[in-house]
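Working notes, structure below.
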Amino acid sequence: MLLNSSSSFNSFLFNSNSNFLSKNHKSQKSVPQTLRVVISNDVDAFTEKSGYLFKLSSSEADSLNDYDLKKIAAIYKRKPFILLRRLFQIGSTFGRWLAARYVDSITEKSDLMFKIRAAELRQILLELGPAYIKIAQAVSSRPDLIPPSYLDELSLLQDRIAPFSTEVALNTIEQELGLPIDMIFSEISPEPTAAASLGQVYQARLRSNGQVVAVKVQRPGVQAAISLDILILHFIAGVVKKAGKLNSDLQGVVDEWASSLFREMDYIKEAKNGLKFRKLYGAIEDVIVPNMYVENTTRRVLVMEWVEGKKLSEVKDLYLVEVGVYCSFNQLLEYGFYHADPHPGNLLRTYDGKLAYIDFGMMGEFKQEFRDGFIEACLHLVNRDFDALAKDFVTLGLLPPTSDKEGVTKALTGVLQNAVAKGVSNISFGDLLGNLGTTMYKFKFQIPSYFSLVIRSLAVLEGIAIGFDPNYKVLGSTYPWIARKVLTDSSPQLRSSLQALLYEEGVFRIDRLESLLSESLRARTEKVLVEDNDSKVAVKQILSFTLTEKGAFVREILLQEIAKGVDAFGRATLDSLTSMANTSIPFASSSSSSMTKEDMVNLRTFRRLMLLLAGFQKNGGSPVELKRTDPSKNQNMYSEEASLISYQFPSVEEILPILSVIPELPPELQQQLLLLPADLAGRLISRVTARTIRRMFL
């Protein structure tokens, strides 16, 4: 018997004959003892210690269907003794634990008592209930931040919480669905297969179609407990912000988190979220999103397709982590509808090697302008454009428009320069946040409420991967998809960003295009992720990209720069022929070069473009560093450098990969390729004509 589950329906490998209860749930006393042990050895500490919170009238409970702080405050204003009792419970339990930790430190027993205190903290969180367990679940996904003993204990909160009474749960199902249990299900497990902070899960078989499903039933009292705890946490956030003179909207962050928790308690919304998630991301290769049975779902009971597997954190499958990164990229930056609670219990590796997402209660929305701003910030970070990064922070709402952008730029340069210098694949998301701490405080950074869930989602994903690959960097794995999106997206904002990135003060930055192209080629999710050193493969990938409709914008830039380069190459060739002719004629005066500074820049760019298209850079060849000529010096020096550049152009053998892949391209791409020479010739003629007209009239 195997169990791995969270607040959703997880991976319980069952024997349908022994673990299902047929028809009459009152015979549940025959449940095998082993099943109860798998769930937990604890009693339901939340009900035992915090059961006094459960008593809300039906009208009060109905008024709390959605998060409304004023309504919550009004309810508990009429219940001051419950509020005071809860404050005393929170203060006394945490106070005793902190006092014990202090005694351990002064008696030098901290190391000896470490595991014991970790277990005590977990028990405290269980007693206090869902709000505190949710916080611990997020923290438990960061093995790089939490000591191992605490990590082990807090990880149990993801799927090893004591269940509440099955009799209460089955009565809730009947009340919510309005039918006897045996009219809905032909079989149902006698005990929950998983129990978590908000509810517990039973395995059942629908009588209507025989489908094996997971049935999630909400814990009694969670709505009342979370409401009161949010009220308390909101007040504490205000006090902390005022006392610490913090710039972040801590109360806004609490409000955003509270809103997501209230949505998570509404199982009808969760079912709709699951259907939307399945529609958007269910077709991604090796991603599984279970189906929802909306007709059998209410606010407190959810029925969905059963999924079997193991927690992703328990299996060392880097490929599925990469699949998760790609899926997260789609969630955050393509559609803006993302899973905001991707802790290990909600990500499974199915037995056929696929990644299953479960539990769709906590979802987030990332607006288009913020998605574009986030992409631009990543681009500017990787390319060390810290001035533009400061502006991105304003766009994202992290900085007020009136902030000292010049000062921020200097601070960002000092803080992030070393981190970025290691290369994008070595940038740690967690380290970036840590390094920014002082700068954020100094320049009054704000953390918008929407951004807290995005940060949490990314941090949790990186934390899962770090669990079995300490060197894993989520930004390094995501950036190839960001690079591809920037190169292919038709959004005016992203195209403008790409144009600004590639042209710095009017000069084309071929190195940045090379970087974007090479990174975008890493954006793959095939199971065999092989580093391919074949230049022919690289050339085919580059051509395939630039000839498609998605690569049209980049193709225009390349044609424009190649036209400039061919023009400059022609002028350099003409200069060389003229010089050779003059040297062969006795007493002939040497002619000055017609090359300009712009021509030299274009010629250098042309050479690197040819090397890029020839796959020369990928093959390990490195271009010779050319001396930058001072424009104030003799014009003939341009001619000398032009000759040197021309000499270093790829040979015929190095150009062959371009020609050899053409027959392998799809017919439509071959047709597109045949149109390029005419397009290029037109651009070249326009350029030569414009220059001739300028010389005639200027």
>> The test is side-chain hydrogen bond (donor to acceptor under 3.5 Å, both in side chains); show your working for Glu295 and Tyr293 and say whether it passes.
In response: CA-CA 6 Å; Glu295 66 277 9; Tyr293 293 87; over 6 Å; no
> Can you check ring pair (Phe, Tyr, Trp, His ring centres under 6.0 Å) on Phe337 and Tyr281, steps first, answer last?
Replying inline: CA-CA 10 Å; Phe337 182 70; Tyr281 315 117; 7.1 Å; no
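With sequence neighbours left out, Ser477 forms a side-chain hydrogen bond (donor to acceptor under 3.5 Å, both in side chains) with Glu322, Tyr472. Residues satisfying the salt bridge (Lys or Arg N to Asp or Glu O under 4.0 Å) criterion with Glu334, sequence neighbours excluded, are Lys485. Remark: Thr350 engages Asp352 in a side-chain hydrogen bond (donor to acceptor under 3.5 Å, both in side chains) (not counting sequence neighbours).
Below 30°, between 30° and 60°, or above 60°: for Tyr338 and Phe366 the angle between ring planes is above 60°, a perpendicular geometry. Note: Tyr357 and His339 have tilted aromatic rings, judged against thresholds of 30 and 60 degrees for the angle between ring planes. Aromatic ring pairs are classed by plane angle as parallel below 30°, tilted from 30° to 60° and perpendicular above 60°; the pair Phe277 and Phe360 is tilted.
Here the straight-line distance linking atom CG of Leu381 with atom OH of Tyr479 works out to 9.0 Å at 0.5 Å rounding.
For the pair Phe46/Ser197, no side-chain contact is recorded, criterion being any heavy-atom separation below 4.5 Å from C-beta on.
Salt bridge absent: Glu365 and Arg263 never bring a charged side-chain N and a carboxylate O closer than 4.0 Å. We find that Asp266 and Lys272 are not joined by a salt bridge, their nearest charged nitrogen and carboxylate oxygen being 4.0 Å or further apart.
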